[in-house]
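In what follows, a single structure is set out as C-alpha cells and then discussed.
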2 protein chains.
Amino acid sequence: MSDEGTAAVQRTRNRWGEGERLRGEILDGAGRVLSELGGGDGLTIRGVARVVGIAPASIYQHFADREALVRGLIAHEFDRLRDLMRAADEAVDAGDAVGRLRARLHAYCAFAVDNPGHYRLMLGNGAERPAPDRPPAGPLVDVIDTLRVAFERCAEAGHALRVPADRAAVMVFVGAHGRVALLHSNPGEQHARAVTPFVDEFVDLLFV
Amino acid sequence: MSDEGTAAVQRTRNRWGEGERLRGEILDGAGRVLSELGGGDGLTIRGVARVVGIAPASIYQHFADREALVRGLIAHEFDRLRDLMRAADEAVDAGDAVGRLRARLHAYCAFAVDNPGHYRLMLGNGAERPAPDRPPAGPLVDVIDTLRVAFERCAEAGHALRVPADRAAVMVFVGAHGRVALLHSNPGEQHARAVTPFVDEFVDLLFV
DNA sequence: ACAGTTACCAAACAATTGTTCGGATACTTG
DNA sequence: CAAGTATCCGAACAATTGTTTGGTAACTGT
C-alpha cells in the first residue's frame, strides 16, 4: 500500500550519509528540470539523473518507477506551496484578517508565476483517481479549505461577504487559478505583474 | 512560412477523391485519440494512424511533423468551440442580452466538460510564442473578446455592470476556466453538473 | 581489521517514438 | 487505352525512453 520509498529505505534512515539525502536531491533536481523544460512531460528519469549527477538506476532505490517520482514531486511541491501560503499569512498583523487573506492569495499567485512548470504539473493532471469518493479529496481542496477559514476569519472580523465563506473560497481560488492559467498560455511578460491586482479586484468583488 | 499542409496539398484540392478528405479524417481521429487518452502527450503519430486506419507515413503528406498536427488540431478545435458558442448565442431570443451571454458561457463549459482532453491541449500549452508582441494575441483572447461584446450588449440593454465590460469579460472567462480546470483535476462526476450554476452565480456577481 | 549491509553505478534490454524512402495503387487527363 | 500524377503504404533507421541486473565501493558494528 505504501506509495514510493519502498520499505527498505525507511528502515535504514540515518545509516549511510544522512539516509534520505539523495532522495531530496532527486526531488530538487526534478524540480529544476521541470523549471527549465516547461511541461510535465519531458520530465524523464534519465534527465533527472543527468541533472543531479547520478546514474539513472540510482533513482530506483528511492522511487519505485517514474510515476512514483512525479507523485513524490507533486506532493513535495504542494507542501512547499502550503508552507509559502502559511508563511505569508503569518507575516501579516494578526488583526488584519483581510490582509492575511490577500497575503495567502498573493503567495499562491507568486508561486504559480515563478514556477510555471511545477504549477502545470500540479494542476494539469486528470482522471487519476478512479475511486468516486464522495468528498472530492486532494491537495487542491486543502488549499481551498485554508482559503475558506481565511474568509471565515474575515467574516468574524466584521467584513460582510456577498456569498457564503466556502463559496467565496472556491470562487477566489478559481479566479486566481484561471488568471494564472491565462497568463501561462499567453506568455506576455508584461502581464505577470497584472495577476496580483486582478485577484485583489476579485477579492473586492466578494465583499459587500 | 506556411504552417502545415505543404504547398503540394493546397495545389491539388478536389483532384483526388475529395482532395483534403484524409486530412479531416486524421484530425477527427486525433480528436478521438485525445478523448480516450486524457493528456495532450500520448497523442502519437502512430496512435492516430492506427485509429484512422492508415499507415503512419500517410500522415506526413498532410502535416509536416507531429507539431504541425497538434497545431492543426488545436486550431480545428478552437474553430469548433467558437462555432458552438456562436450557435448557442444565436439560439436565444435576440432581445435577451444576458441570456445570450449565459448561453455563450454554458456552451463554453459544456465543451470543456465534454472534451477534457481537447480542453487541456488547447489551454495547457505554455512558452510557445517567443515574440513579445505587445497585444497578447491568440485564440483565447478571441474568445474573451466575444464575451466582451456580449457584456457590452448587456450594458447597452440597461443591465449595469460593476466593472468595465472588458474587465468583466476576462473575469468571467477566468472564472469559467478555473472552475473547469478544478473539475478536471478533481474528477468527481457528481460535480460536472455544478459548473453551470457556478458560472451563473459568477455572472450574477458582475451585475449590480 | 573483518564481515555485513547499503548506496551507487555501468551496461544492457525491450519497447516506443518521429521520420524517411521506395514502391504499389488509384485516379485524372489526353 | 496509355501516360502522368497524386495518394497511400510497408519497411526500416536512429533516437530516446523506462527498467533490470550484476557488480563495486563505502560505511556500519564488532
Side-chain angles (χ1 to χ4, degrees), chain A residues 3-30 33-34 36-74 121, chain B residues 2-30 33-34 36-73 121:
Chain A
D3 221 4
E4 53 214 7
T6 72
V9 171
Q10 64 189 7
R11 216 182 64 245
T12 64
R13 66 180 52 168
N14 281 359
R15 282 265 217 112
W16 195 93
E18 300 122 29
E20 299 190 350
R21 171 189 57 91
L22 188 58
R23 187 190 146 91
E25 282 189 20
I26 290 173
L27 285 179
D28 283 0
V33 170
L34 205 59
E36 294 166 4
L37 276 298
D41 39 338
L43 192 141
T44 159
I45 292 273
R46 295 175 122 100
V48 173
R50 201 178 313 128
V51 167
V52 180
I54 59 176
S58 305
I59 294 183
Y60 286 85
Q61 247 156 2
H62 299 269
F63 301 92
D65 51 5
R66 193 193 99 103
E67 200 179 350
L69 172 61
V70 334
R71 272 200 305 263
L73 180 59
I74 289 178
L121 178 65
Chain B
S2 169
D3 221 1
E4 53 213 7
T6 73
V9 171
Q10 64 189 8
R11 215 181 66 244
T12 65
R13 66 179 52 167
N14 282 357
R15 284 263 220 113
W16 195 92
E18 301 122 29
E20 299 191 348
R21 171 190 54 94
L22 188 58
R23 187 189 145 92
E25 282 188 21
I26 290 173
L27 284 178
D28 282 1
V33 169
L34 206 58
E36 295 165 3
L37 275 299
D41 39 338
L43 191 139
T44 159
I45 292 274
R46 295 176 123 100
V48 173
R50 201 178 312 128
V51 166
V52 180
I54 60 177
S58 305
I59 294 183
Y60 285 85
Q61 246 156 3
H62 299 268
F63 300 93
D65 51 3
R66 193 193 99 104
E67 199 179 349
L69 172 62
V70 335
R71 271 200 305 263
L73 180 60
L121 179 63

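Because the structure is a prediction, the values reported are computed rather than measured. Protein chains get the first letters and strands the later ones, always in sequence-line order, with residue 1 at the start of each.
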Please report the distance, rounded to the nearest Å, between [atom1] in [X] and [atom2] in [N].
{"X": "B:D41", "N": "D:dG18", "atom1": "CG", "atom2": "P", "value": "12 Å"}
{"X": "A:I45", "N": "D:dG18", "atom1": "CD1", "atom2": "P", "value": "6 Å"}
{"X": "A:I54", "N": "D:dA25", "atom1": "CD1", "atom2": "C1'", "value": "16 Å"}
{"X": "B:D65", "N": "C:dG18", "atom1": "CG", "atom2": "P", "value": "11 Å"}
{"X": "A:L22", "N": "D:dA26", "atom1": "CG", "atom2": "P", "value": "16 Å"}
{"X": "B:L43", "N": "C:dG18", "atom1": "CG", "atom2": "C1'", "value": "13 Å"}
{"X": "B:I26", "N": "D:dT7", "atom1": "CD1", "atom2": "P", "value": "12 Å"}
{"X": "B:R50", "N": "D:dC9", "atom1": "CZ", "atom2": "P", "value": "14 Å"}

Exercise. Residues two or more places apart in sequence or in another chain: which of them pass side-chain contact (heavy atoms from CB on, under 4.5 Å) with B:V51?
Worked result: B:R32, B:V33
For the residue pair [X] and [Y], establish whether any side-chain heavy-atom pair is separated by less than 4.5 Å.
{"X": "A:V70", "Y": "A:F63", "result": "no"}
{"X": "B:I54", "Y": "B:V48", "result": "no"}
{"X": "B:L22", "Y": "B:I59", "result": "no"}
{"X": "B:L37", "Y": "B:L43", "result": "no"}

What is the minimum heavy-atom distance between [X] and [Y], and which atoms define it?
{"X": "B:E25", "Y": "B:V52", "value": "O-CG2, 3.7 Å"}
{"X": "B:A30", "Y": "B:L73", "value": "CB-CD2, 4.0 Å"}
{"X": "A:D65", "Y": "A:Y60", "value": "CA-CE2, 4.1 Å"}

For this session: Give a yes/no on whether any side-chain N or O of A:S58 is located under 4.0 angstrom from OP1 or OP2 of C:dA7.
Result: no
Exercise. Do the side-chain N or O atoms of B:H62 get closer than 4.0 angstrom to the phosphate oxygens (OP1, OP2) of D:dC8?
Worked result: yes
Exercise. Axis-to-axis angle across the helix from C:dA1-D:dT30 to C:dG30-D:dC1, five pairs an end, to 10 degrees?
Worked result: 20°
Problem set entry | Main-chain N/O of B:R66 paired with B:R71 side-chain donor or acceptor, under 3.5 Å | no
Polar-atom pairs under 3.5 Å, protein N or O versus N or O of nucleotides 14-16 of chain D: list them with distances, or write none.
none

Closest nucleotide among [options] to the [X] side chain:
{"X": "B:Y60", "options": "D:dT17, D:dC8, C:dT20", "answer": "C:dT20"}
{"X": "A:A57", "options": "C:dA7, D:dG10, C:dA10", "answer": "C:dA10"}
{"X": "A:P56", "options": "C:dT19, D:dT19, C:dC8", "answer": "D:dT19"}

